[in-house]
Amino acid sequence: MKLFKFRSFDRDGHSFDALRNSYAWFSNVEDLNDPFEGYSNVDKLKGRDAHLPYIIEMFKRTAVEKGTASSPAEAEKHVLLLLEKNPSEFYSFAEDTIHSFLNEIKDNRSKLGIFCTSANPQEIKELPPHYQNMLMWSHYAGGFSGFCIEWDYNRLICSINELNNGCRVEGATVRYVDEPNLCNFESVDGISDIAMSFMRSLQFKHRQWNYEYEFRFLADRVGKIFYDNKAVKSIYLGGKIHPKNERELHQIMGEWQHKPPVYKVHIAEGQSRFGLQLEQLLEGNNRSP
């Protein structure tokens, strides 16, 4: 599978640094550009209309963890007795417990690192190579003035797992939907399923984003995740790239022992339809796309 990452050139040179030193920046979920990123309905547990079985289950776990009950059965007996004798105290306790549970799962998700790439879906045979995606060039590569990296997925994920000191990284295709991924509280078995549903929401985005064909990597930390630059199959430069930035990219390629082919992507002129065409700038020492 081929993966693509469109980049613009930032003032601080992070794009150049990431390419030169062969690392991907795994962002925090709050730093992503979709305002509905990871949208979930877990906050429905708040309030007195929350589903009682999960409140009781959270009470049981909390009581055992804090040592106020010796077993889940004893904790459940205590909770049900409290609900029967003093409902106001029960719901006050419920509010605190739910608040603690939601904070815990949100804190766990905030520690995840996310790296977004694009992939040519194998099931869409007529889809052109992703370096021809005009919207991606416009939105993520400085209006056609940036660049695009193409990776071989297998080499990329293998080198990531080898070079990052036990960092756990997994990848999955994002699903584009009309409705968010919601937890069905009537069918889940317990709070662990609720927490899993909350995490799984990161694999869904609104259908308006489907032009990205996103393949998303998740790591157990935020920041730099290194890879072997032999995983880079090709580099594509936008047709509007500034000459200074183009020279810098050529310099970086000159520093690599492994030299992928470098192309410039131009608007196809004199054609009867919209399209892009490639100009090969450097042949490289691996195979072309």
Quiz item: How long is the span from the NZ atom in Lys240 to the CH2 atom in Trp137, to the nearest 0.5 Å?
Solution: 12.0 Å
Quiz item: Got more than 12 heavy atoms from elsewhere within 6.0 Å of CZ, Phe36?
Solution: no
Quiz item: Would a line drawn from the ring center of Phe215 to the ring center of Tyr153 be shorter than 6.0 Å?
Solution: yes
Quiz item: If we only count heavy atoms from C-beta on, is the Trp25 to Lys224 side-chain gap below 4.5 Å?
Solution: yes
Quiz item: Any side-chain heavy atom of Phe26 sitting closer than 4.5 Å to one from Leu112?
Solution: no
Quiz item: How about Asn103 and Asp107: does a side-chain donor come under 3.5 Å of a side-chain acceptor?
Solution: no
Quiz item: Sub-3.5 Å donor-acceptor pair from the side chain of Asn245 to the main-chain atoms of Gly146, do we have one?
Solution: no
Quiz item: Which value, rounded to the nearest 0.5 Å, describes the distance between Ser8 atom OG and Phe147 atom CZ?
Solution: 8.5 Å
Practice problem: Determine whether the aromatic ring centres of Tyr236 and Phe6 lie less than 6.0 Å apart. | Solution: no
Exercise. Tell me, with the steps shown, if Val42 and Ile194 meet side chain to side chain contact (heavy atoms under 4.5 Å, CB included).
Key: CA-CA 7 Å; Val42 293; Ile194 295 174; 4.1 Å; yes
Quiz prompt | Minimum heavy-atom distance Ser234-Tyr263, with the two atoms named | solution = OG-CE1, 3.9 Å
Quiz item: Are Val177 and Trp209 joined in one hydrophobic group, where the rule is that I, L, V, M, F, W and Y side chains link up if heavy atoms are under 4.5 Å apart?
Solution: no
Quiz prompt | Under 3.5 Å: donor-acceptor pair, side chain of Asp17, backbone of Gly13 | solution = no
Quiz item: Got more than 12 heavy atoms from elsewhere within 6.0 Å of CZ, Arg7?
Solution: yes
Practice problem: Give, for atom NZ of Lys259 and atom CD of Glu283, the distance between the pair rounded to the nearest 0.5 Å. | Solution: 13.0 Å
Quiz prompt | Nearest heavy atoms of Asp220 and Cys167, plus distance in Å | solution = OD1-SG, 3.3 Å
Exercise. Measure from NZ or CZ of Lys5 to the centre of the six-membered ring of Phe115, then state whether that distance is under 6.0 Å and the direction lies within 45° of the axis.
Key: yes
Quiz prompt | Single-linkage hydrophobic cluster Phe204~Ile105, side-chain heavy atoms < 4.5 angstrom | solution = no
Quiz item: Does a sphere of radius 6.0 Å around NE2 in His266 hold more than 12 heavy atoms from other residues, nucleotides or ligands, not counting ones at 6.0 Å or beyond?
Solution: yes
Quiz item: Is a side-chain N or O of Ser22 found less than 3.5 angstrom from the main chain of Phe226, in a donor-acceptor match?
Solution: no
Quiz item: Would a distance-only check, ignoring hydrogens and angles, find a side-chain to backbone donor-acceptor pair under 3.5 Å from Tyr211 to Met134?
Solution: no
Quiz item: Do Asn133 and Phe4 come close enough that some side-chain heavy atom pair is under 4.5 Å?
Solution: no
Quiz item: Hey, does Met199 have a side-chain heavy atom less than 4.5 Å from the side chain of Asn108?
Solution: yes
Quiz item: Taking C-beta and beyond as the side chain, do Leu249 and Phe16 meet within less than 4.5 Å on heavy atoms?
Solution: yes
Self-check item: Leu80, CG: over 12 other non-hydrogen atoms inside 6.0 angstrom
Solution: yes
Quiz item: Nearest 0.5 Å, what's the CG-OH distance between Leu278 and Tyr131?
Solution: 4.0 Å
Exercise. Verify, without hydrogens or angle tests, whether Arg200 (side chain) and Asn181 (backbone) share a donor-acceptor contact under 3.5 angstrom.
Key: no
Self-check item: Side-chain (Arg216) to main-chain (Leu202) donor-acceptor, under 3.5 angstrom
Solution: yes
Quiz prompt | Single-linkage hydrophobic cluster, 4.5 Å side-chain cutoff, Tyr176 and Met136 together | solution = yes
Practice problem: Answer with yes or no whether the side chains of Asn164 and Tyr23 bring together a donor and an acceptor at under 3.5 Å. | Solution: no
Quiz prompt | Worked verdict on Glu89 versus Leu82 for side chain to side chain contact (heavy atoms under 4.5 Å, CB included) | solution = CA-CA 8 Å; Glu89 184 179 346; Leu82 178 63; 3.7 Å; yes
Quiz item: Among the clusters formed by ILVMFWY side chains lying less than 4.5 Å apart, do Ile160 and Ile114 turn up in the same one?
Solution: no
Exercise. Over all heavy atoms of both residues, which pair between Ile252 and Arg20 is shortest? Give the atoms and the distance, please.
Key: CG1-NH2, 3.3 Å
Exercise. Indicate the atoms forming the closest heavy-atom contact of Val222 with Ser27, along with that distance.
Key: CG1-C, 4.2 Å
Quiz item: Can Leu218 be reached from Ile225 by stepping across I, L, V, M, F, W or Y side chains whose heavy atoms are under 4.5 Å apart?
Solution: no
Quiz prompt | Side-chain donor or acceptor of His258 paired with backbone N/O of Val232 under 3.5 Å | solution = yes
Practice problem: Taking Trp256 for its side chain and Lys230 for its backbone only, find out whether a donor-acceptor pair lies under 3.5 Å. | Solution: no
Quiz item: So does Lys106 have more than 12 non-hydrogen atoms from other groups sitting under 6.0 Å from NZ?
Solution: yes
Self-check item: Gap between atom CG of Leu32 and atom NZ of Lys205 - 0.5 Å precision
Solution: 7.5 Å
Practice problem: Can you establish whether the number of heavy atoms outside Glu214 located under 6.0 Å from its atom CD is more than 12? | Solution: yes
Exercise. Might you confirm whether atom OH of Tyr39 has over 12 heavy atoms from other residues, nucleotides or ligands at distances under 6.0 Å?
Key: no
Exercise. Report yes if the side chains of His250 and Leu281 come closer than 4.5 Å at any heavy-atom pair, otherwise no.
Key: yes
Quiz item: After noting the C-alpha distance and the side-chain angles of Ser201 and Arg109, does the key distance pass the side chain to side chain contact (heavy atoms under 4.5 Å, CB included) rule?
Solution: CA-CA 11 Å; Ser201 296; Arg109 195 170 78 173; 4.2 Å; yes
Quiz item: Can we say Arg207 and Asp178 salt-bridge, meaning some charged N sits less than 4.0 Å from an Asp/Glu carboxylate O?
Solution: yes
Self-check item: Note, Glu74 side chain near Lys77 side chain (heavy atom, < 4.5 Å)
Solution: no
Quiz prompt | Check: Ser88/Asn86 side-chain N/O donor and acceptor closer than 3.5 Å | solution = yes
Quiz item: How about Met196: does its CE atom have over 12 heavy atoms from other parts shown lying under 6.0 Å from it?
Solution: no
Quiz item: In Å and rounded to the nearest 0.5 Å, what is the CD1 to CG distance from Ile149 to Leu156?
Solution: 10.0 Å
Quiz item: Does Ile235 reach the side chain of Met253, with side-chain heavy atoms less than 4.5 Å apart?
Solution: yes
Quiz item: When you look at Ile241 and Phe9, which way does the side chain to side chain contact (heavy atoms under 4.5 Å, CB included) test go after all the steps?
Solution: CA-CA 9 Å; Ile241 189 172; Phe9 295 102; 3.9 Å; yes
